[in-house]
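Only one structure is covered here, and it is reproduced in the block below.
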Amino acid sequence: MRIQDEIRNVFMDALRAIGAAEDTALVLEQPKLKAHGDLATPVALGLAKRLGKNPMAIAEAIVKAAHVPHDVIASVDVAKPGFINFTFAPPVLRKNLLEIVSLADRYGSSDMGGGRKWQVEYISANPTGPLVIVSARAAAIGSVLVNLLSFTGHDAEGEYYVNDHGNQVDALGRSLQYRLRERFGTLSVGEEIGAYPGAYLRDIAGRVPEADGRRWADPSFDSGAARCGAFATEHLLAGIRGDLERFGVRFDNFFFESSLHPGPVEQALEILKREEYVYESEGALFFASSRLGDEKDRVLRKSGGEATYFAGDIAYHLSKLGRGFGGVIDIWGPDHHGHITRMKAAAQVLGAPPGWLEVMIVGWVRLVEGDKPVSMSKRAGEFVTMRSLIEDVGSDVAKYFFLMRRPNTPLDFDLELARKQSEENPVFYVQYAHARISSVIKYAESKGVRRERGGEHLDLLAAGEERSLMLHLMFFPYVVEAAARSREPHRLAAYAQELATLFHQFYHACRIVSEDERLSGARLLMAEATMQVLRNTLSLMGVAAPSSM
RNA sequence: GCCCCCGUAGCUCAGUUGGAUAGAGCAACGGUUUCCUAAACCGUGUGCCGCAGGUUCAAUUCCUGCCGGGGGUACCA
């Protein structure tokens, strides 16, 4: 049992003993000040009114009623307005070091999710061009969310929804036709390139076998645009997969919108009809989403008979329901945030339990290079791709920058800072701590100094820096859980930063490999535990933990 | 108009389901290396937490209004 749970149990018992357990949540928090102990609860403050006593007296009563296990909690203090502060017994901190080393890659994992199936859908950018910067941010966040959920006992998988159907694919096909005519010199005078003027389509046009190309480019060939659309989509998707691989992001599944038309879409619409949320107006089929909080009703089938993107998306979510996910998280780009209400409304009508669908919006990313912002519109034909970002600053730096901030806030990505291979760059600070430990361990090996195995001399770890480090290591599992629960990967970055700082401070204050064999053994164990936790954190973030820099 | 996000140190941002004296990085200045990686460490300081109300024993955190910034509001995807 983890120490927080142990404390919780002990003090819930105490609350029962004084008759105050009902409707009382025992929140445990890390105090800001060291003088306030390792963990604290303001529970007495909250009880003051209900019990009609002053908080100090209540806190005293709780402490008196609690059977405090002194091998776990060294001291319990009641402070000023009515806080109860706990200080961990040193053996608990030391034992945790052994646990870290023995659990290794699994330290920090839990069964919080109870093995339930979860899906995270992210990026899902149209295969009408290479992935751009916002997609890179979504890739970082989505993949880490999958990692976090898996690590906390969920059966989580990541999926990419491929919009290979509809108007944009047709438009893409027409733009490719233009490029084919350009290639074969059959362009008509004044002909427009269409929706996708990016030069990448010229490359793709170059890859079309000549005989096919000439046929597809011929205006008298009816399905030329469709052929071109399919060809371009296929090649662009291959490029996207390559970019993702390079970025170190792996999907469990690619789901194709084209597989939803027409059958599954019709099925989904049938359900909406059966639930009486559908009506016809002006020749189009509408979803009465306004009855479920949406601003207005949304078109499912256009008056021309064609299903909308939204209809496909509903069918897609019906598929997710059918696949038995206990919950799904959709990570969307900032341009889609207006779609949340209608999609949730649809999920509800499809029979999804409340809260089943979570939608996260990834904030805009603006590339900054000094003062020069870079245009990123796909349609303008000029944009900064994910690939070029990776080539420029490297995937570790890119990921870390995306994971440093809350997902939904706008982000100025400073390329100049990201390029710097120096102390100004926060990624290297954390990686350096890992590399440094790795190096120390090698040095110890060369000196024949061995790490402590059984924990006999861990009581030698008595310095303030050593205690702070051990304490922080102990909080890792809670940080992981909180990050998973709140869907906030940036907490990992903050934790890693703090852990690196604590290690560097320890490193400067305490000589690890020394003449004192027992002390060296104990400190090596702590160094190794720190390295392990750094590695686990970085691994969850999908960032490399180098052994030398 | 309506809806969503944001407003915290000079800059970029944290701030733990409302808690005790609001923090970190960067930038600035000064210091530390015969010693396991100086990509490190130590020291020096700045905040009407956008404004005004409300709820509460307690508000940066929750509610309302306002101001400022960004975005959304297609029979496009």
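All chains are named by letter (A, B, ...) in the order of the sequence lines, taking the proteins before the strands, and each is independently numbered beginning at 1.
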Review point. Considering heavy-atom distances to RNA chain B, does A307(A) or D335(A) have its closest nucleotide positioned more toward the 5' end?
Key: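 Taking each residue's closest nucleotide, the earlier one in sequence belongs to D335(A).
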
Review point. Closest nucleotide of RNA chain B for G338(A) versus for A79(A): which of these residues is on the 5' side?
Key: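 Looking at the nearest nucleotide for each, A79(A) comes out on the 5' side.
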
Please state how far atom [atom1] in [X] lies from atom [atom2] in [N], giving the value in whole angstrom units.
X	N	atom1	atom2	result
N425(A)	U12(B)	CG	C1'	13 Å
Y309(A)	C75(B)	OH	P	16 Å
R342(A)	C2(B)	CZ	C1'	14 Å
Q505(A)	U32(B)	CD	P	20 Å
H504(A)	C36(B)	NE2	C1'	14 Å
K344(A)	C3(B)	NZ	P	17 Å
W364(A)	C4(B)	CH2	C1'	14 Å
I58(A)	C57(B)	CD1	C1'	11 Å

Given [options], which nucleotide is nearest the side-chain atoms of [X]?
X	options	answer
N85(A)	A40(B), G25(B), A20(B)	A20(B)
N408(A)	C57(B), G25(B), C6(B)	C6(B)
A40(A)	C75(B), A20(B), C36(B)	A20(B)

Practice item. Return the minimal non-hydrogen interatomic distance between N163(A) and S124(A), and the atom names on each side. Key: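 Looking at all heavy atoms of both residues, the closest pair is OD1-O, 3.6 Å.
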
Practice item. Heavy atoms only: give me the nearest T501(A)-Y429(A) pair and the separation to one decimal. Key: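 Answer, listing the atom of T501(A) first, then Y429(A): OG1-OH, 2.9 Å.
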
Could you check whether [X] gets within reach of a base, just the sugar-phosphate, or nothing at all, counting any heavy atom under 4.0 Å?
X	result
S548(A)	base
E498(A)	nothing
S124(A)	nothing
A527(A)	nothing
G46(A)	base
H336(A)	base

Practice item. Measure from the ring centre of Y507(A) to the centre of the six-membered ring in the base of A40(B), then say whether that distance is under 5.5 Å and the planes meet at under 30°. Key: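 Per 5.5 Å and 30° rule: no stacking.
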
Side chains of [X] and [Y] only: does a donor on one sit below 3.5 Å from an acceptor on the other?
X	Y	result
S520(A)	S514(A)	yes
H317(A)	D330(A)	yes
Y279(A)	D297(A)	yes

For [X], I'd like to know if atom [atom1] has over 12 heavy atoms of other residues, nucleotides or ligands within 6.0 Å.
X	atom1	answer
K34(A)	NZ	no
R2(A)	CZ	yes
K447(A)	NZ	no

Run the salt-bridge test on [X] and [Y] with the 4.0 Å N-O cut-off and return the result as yes or no.
X	Y	answer
E159(A)	K320(A)	no
R301(A)	E266(A)	yes
R467(A)	D38(A)	yes

Polar pairs (N or O, both sides) under 3.5 Å between protein and nucleotides 13-18 of chain B?
residue, atom, partner, partner atom, Å
A14(B), OP1, R406(A), N, 3.1
A14(B), OP2, R406(A), NH1, 3.4
G15(B), OP1, H490(A), NE2, 3.3
U16(B), N3, Q30(A), O, 3.2
U16(B), O4, Q30(A), O, 2.8

Check your understanding: Residues from residues 292-303 of chain A sitting under 4.0 Å of RNA chain B, heavy atoms only?
Key ->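 Close to the strand are E295(A), K296(A), V299(A), K302(A), S303(A).
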
Practice item. Toss me the dot-bracket line for RNA chain B: Watson-Crick and G-U wobble, both under 3.5 Å, 5' to 3', using | for pairs to another strand and [ ] for crossers. Key: (((((((..((((.....[...)))).(((((.......))))).....(((((..]....))))))))))))....

Check your understanding: Does the ring-ring contact (aromatic ring centres under 6.0 Å, His included) test come out yes or no for H434(A) and F503(A), once each step is laid out?
Key -> CA-CA 9 Å; H434(A) 184 272; F503(A) 175 77; over 10 Å; no

Review point. Would the H472(A) and Y495(A) ring centres measure less than 6.0 Å apart?
Key: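 Yes, they do, as the ring centres are separated by less than 6.0 Å.
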
Review point. Does any donor-acceptor pair link the side chain of H337(A) with the base of G72(B) at a separation under 3.5 Å?
Key: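 Result: no qualifying N/O pair found.
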
